[in-house]
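See below for the structure under consideration.
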Amino acid sequence: MAAAEKGKKKKRASLSSFTILLIILVVLAIVTVIMSACGVEGVEGATLSQVLTAPVFGFQDAIGVCLFVMILGGFLGIITETGALDAGIAALVRKLHGNELVLIPILMFIFSIGGTTYGMCEETVPFYLLLAATMVAAGFDSLTGAAVVLLGAGCGVIGSTVNPFAVGVAVDALSGIGIQANQAIIIVLGLILWIVTLAISIVFVMRYAKKVKADKGSTFLSLQEQEDMMNEWGMTESKVEAADNDEAPVEKMTGRQKWSLIVFGLTFVVMIAAFIPWADLGVDVFEAGQVTEEVTTTVGADDIVAAYDQQTDTSLALPEGTEGVDTAEVTVQPAWSSFLTGVPVGGWYFDEASTWFLLMAIVIGVIGGVSESRFVKAFINGAADMMSVVLIIALARSITVLMAKTGLDMWILNNAAAALTGMSAIVFAPLSFLLYIVLSFLIPSSSGMATVSIPIMGGLASHLGFSVETMVMIYSAGNGLVNLFTPTSGAIMGGLALAKIEYSTWLKFGAKLFVVLGVVLVVILTAAMVILS
């Protein structure tokens, strides 16, 4: 009875991700209204219509990733229907019996490589479900699986080395204002931040996993979350335990299941490879055969006005007869690797990934011997299971949409940059890091953050005689740290939803780690700023 009452209390005290995001949206809207009423220049008060339509525009803004998540759900529904996934996980855990902990550092390191090289973030969403199932079967909990994915990739992003969506955009932004950054220094700083934060996170996750395996009561999951976890993945765990204890005969995988698993793994390998911007890293093998030509078109006054007004939401007036020139690169002959989606490997994004997973769902269905009626039902049910994740991603994006419309993000950036002028390096570095912590809640996108902030902060650092390379890493580390726990990140909120974990549980689990990582980052970056300036 006492345990039941305790569980009910936990249910009442825990807010859902939807509620948390709605509260943040409303609170920020109220803040902008108050600031506007007080005459704060640069901030417009959010209107009721802007607040109400923000989730809709957030959905539009995130439609690519939302569609990808739905098709991913159907894909996972098909592989589950074949029985190959459960059988594969059980076989893996049996093979590692007694050494399951070794999975954690290996997988976290692999995810971190994706983070530091190309900013792996939204691409991690499908792995939350897979790792949750695997870790539960290994005797840990779903929270361990989520931590492996989020902290692994996240530490890589914190220490971005050649990540084109973080340091690449930042260096380009600096070039736009006439400042050249030393890429070698950026890579070295990135390596230091990457390895140090990853090592700390691996130790943290392994210690927690070890406690949970020894005592299930050590889990951070609430009673409801534990119940959801066992309903979703408990059968896998019981089968493995039975097999390990010789309580039941071990079911061998069929030939169809083995081939389904091979194709399943190949699907993710191709997806990851296709997301990496190889051309930016100096590898052009996937673009071989591509021929482009420059096409110039004369644009009239009406077209210029229409494009400008749509982009800026203003009214432009031009004299009659005004003409402009529009120059664009047009592909005459596609690259050899673009035969499947029309986009070469290395240039894929969510539209191409959705196409790939839809195709591979059909392939696995055929290999696994899934009939047409079972295929349709499994795919629809799998996609339906993802709808809560899709809505969370859209709602998280709505906060960024509202802040851009009201101008609150740029107001904070401009005023903070002005306040930092004239400070010494030992003060400038930690305060800049704190600024990026605040800004990253409003702009979780690393490329978006670099575009709007680096011309201001990088220019300020250069003007004061400080290291612009360190400023780039301050931005990368600050934004990367916040993206380990910000509720405005659709990848985090969607991934946690897949792993059946409430946002509040994730905060309780990682709070100490986030503080430790923040302190370590400040120390390293401040030392770098002092030494390199």
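Positions are given from 1 along the sequence. What you are looking at is a predicted structure, and each value in this text was computed from that prediction instead of being measured.
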So do [Y] and [X] actually touch side chain to side chain, heavy atoms under 4.5 Å?
X	Y	result
E225	K500	no
L107	M135	yes
T341	W348	yes

Please name the pair of heavy atoms, one in [X] and one in [Y], separated by the smallest distance, quoted to 0.1 Å.
X	Y	result
M493	P487	CG-O, 3.3 Å
I79	T82	O-OG1, 2.6 Å
S388	D385	OG-O, 4.2 Å
G115	S160	O-OG, 4.2 Å
V366	R256	O-NH1, 3.4 Å
A274	V345	CA-CG1, 3.7 Å

Could you pull out all residues at least two apart from [X] that satisfy side-chain contact (heavy atoms from CB on, under 4.5 Å)?
X	value
A378	I78, E81
V285	V283
A491	C121, E122, V125, S489

Would you find a donor on one side and an acceptor on the other, under 3.5 Å apart, between the side chain of [X] and the backbone of [Y]?
X	Y	answer
S260	A84	no
T486	N483	no
T505	I501	no
Q257	T254	yes
Y128	G494	no
S476	V472	no

Excluding sequence neighbours, so at least two apart, what forms side-chain hydrogen bond (donor to acceptor under 3.5 Å, both in side chains) with [X]?
X	value
E469	S467
D409	none
T355	none
S440	N479

Distance-only donor-acceptor hits, side chain of residues 58-72, under 3.5 Å, sequence neighbours excluded:
{"unit_1": "D61", "atom_1": "OD2", "unit_2": "R397", "atom_2": "NH1", "d": "3.3"}

Decide if the gap between the ring center of F111 and the ring center of F127 is smaller than 6.0 angstrom.
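Ring-ring flag for F111/F127: true, centres closer than 6.0 Å.
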Review item, side-chain donor-acceptor pairs of residues 190-199, under 3.5 Å, at least two apart:
{"unit_1": "W194", "atom_1": "NE1", "unit_2": "S112", "atom_2": "OG", "d": "3.0"}
{"unit_1": "T197", "atom_1": "OG1", "unit_2": "L193", "atom_2": "O", "d": "2.6"}
{"unit_1": "T197", "atom_1": "OG1", "unit_2": "W194", "atom_2": "O", "d": "3.2"}

Can you tell me if NZ on K405 sees more than 12 non-hydrogen neighbours from other groups inside 6.0 Å?
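For K405, atom NZ is crowded (more than 12 foreign heavy atoms under 6.0 Å).
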With a sphere of 6.0 Å drawn around CZ of F109, does it hold more than 12 non-hydrogen atoms of other residues, nucleotides or ligands?
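Open: at most 12 neighbouring heavy atoms sit under 6.0 Å from CZ of F109.
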Not counting sequence neighbours, list each pair that qualifies as a salt bridge (charged side-chain N to carboxylate O under 4.0 Å, His left out) and has a residue in residues 146-163.
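Qualifying pairs: none.
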Regarding Y475 and S453, do their side chains bring together a donor and an acceptor under 3.5 Å, going by distance alone?
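Short answer, no.
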Over 60° means perpendicular and under 30° means parallel, so tell me whether F509 and W506 are parallel, tilted or perpendicular.
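Plane angle between 30° and 60°, so tilted.
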For the residue pair F357 and F268, does the interplanar ring angle fall in the parallel (under 30°), tilted (30 to 60°) or perpendicular (over 60°) class?
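F357 and F268: perpendicular rings.
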What's the spacing between I474 CD1 and Y436 OH if we round to 0.5 Å?
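Here the interatomic distance stands at 8.5 Å.
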Can I get a per-line list of side-chain donor-acceptor pairs under 3.5 Å for residues 141-155, giving both atom names and the distance, sequence neighbours left out?
{"unit_1": "D141", "atom_1": "OD1", "unit_2": "L143", "atom_2": "N", "d": "3.4"}
{"unit_1": "D141", "atom_1": "OD1", "unit_2": "T144", "atom_2": "N", "d": "2.9"}
{"unit_1": "D141", "atom_1": "OD1", "unit_2": "T144", "atom_2": "OG1", "d": "2.7"}
{"unit_1": "D141", "atom_1": "OD2", "unit_2": "Y208", "atom_2": "OH", "d": "2.5"}
{"unit_1": "D141", "atom_1": "OD2", "unit_2": "T219", "atom_2": "OG1", "d": "2.7"}
{"unit_1": "S142", "atom_1": "OG", "unit_2": "A499", "atom_2": "O", "d": "3.4"}

Side-chain atoms of residues 171-189: list all donor-acceptor pairs with protein atoms under 3.5 Å, sequence neighbours left out, distances to 0.1 Å.
{"unit_1": "S175", "atom_1": "OG", "unit_2": "V171", "atom_2": "O", "d": "3.1"}
{"unit_1": "N182", "atom_1": "OD1", "unit_2": "A184", "atom_2": "N", "d": "3.0"}
{"unit_1": "N182", "atom_1": "OD1", "unit_2": "I185", "atom_2": "N", "d": "3.4"}

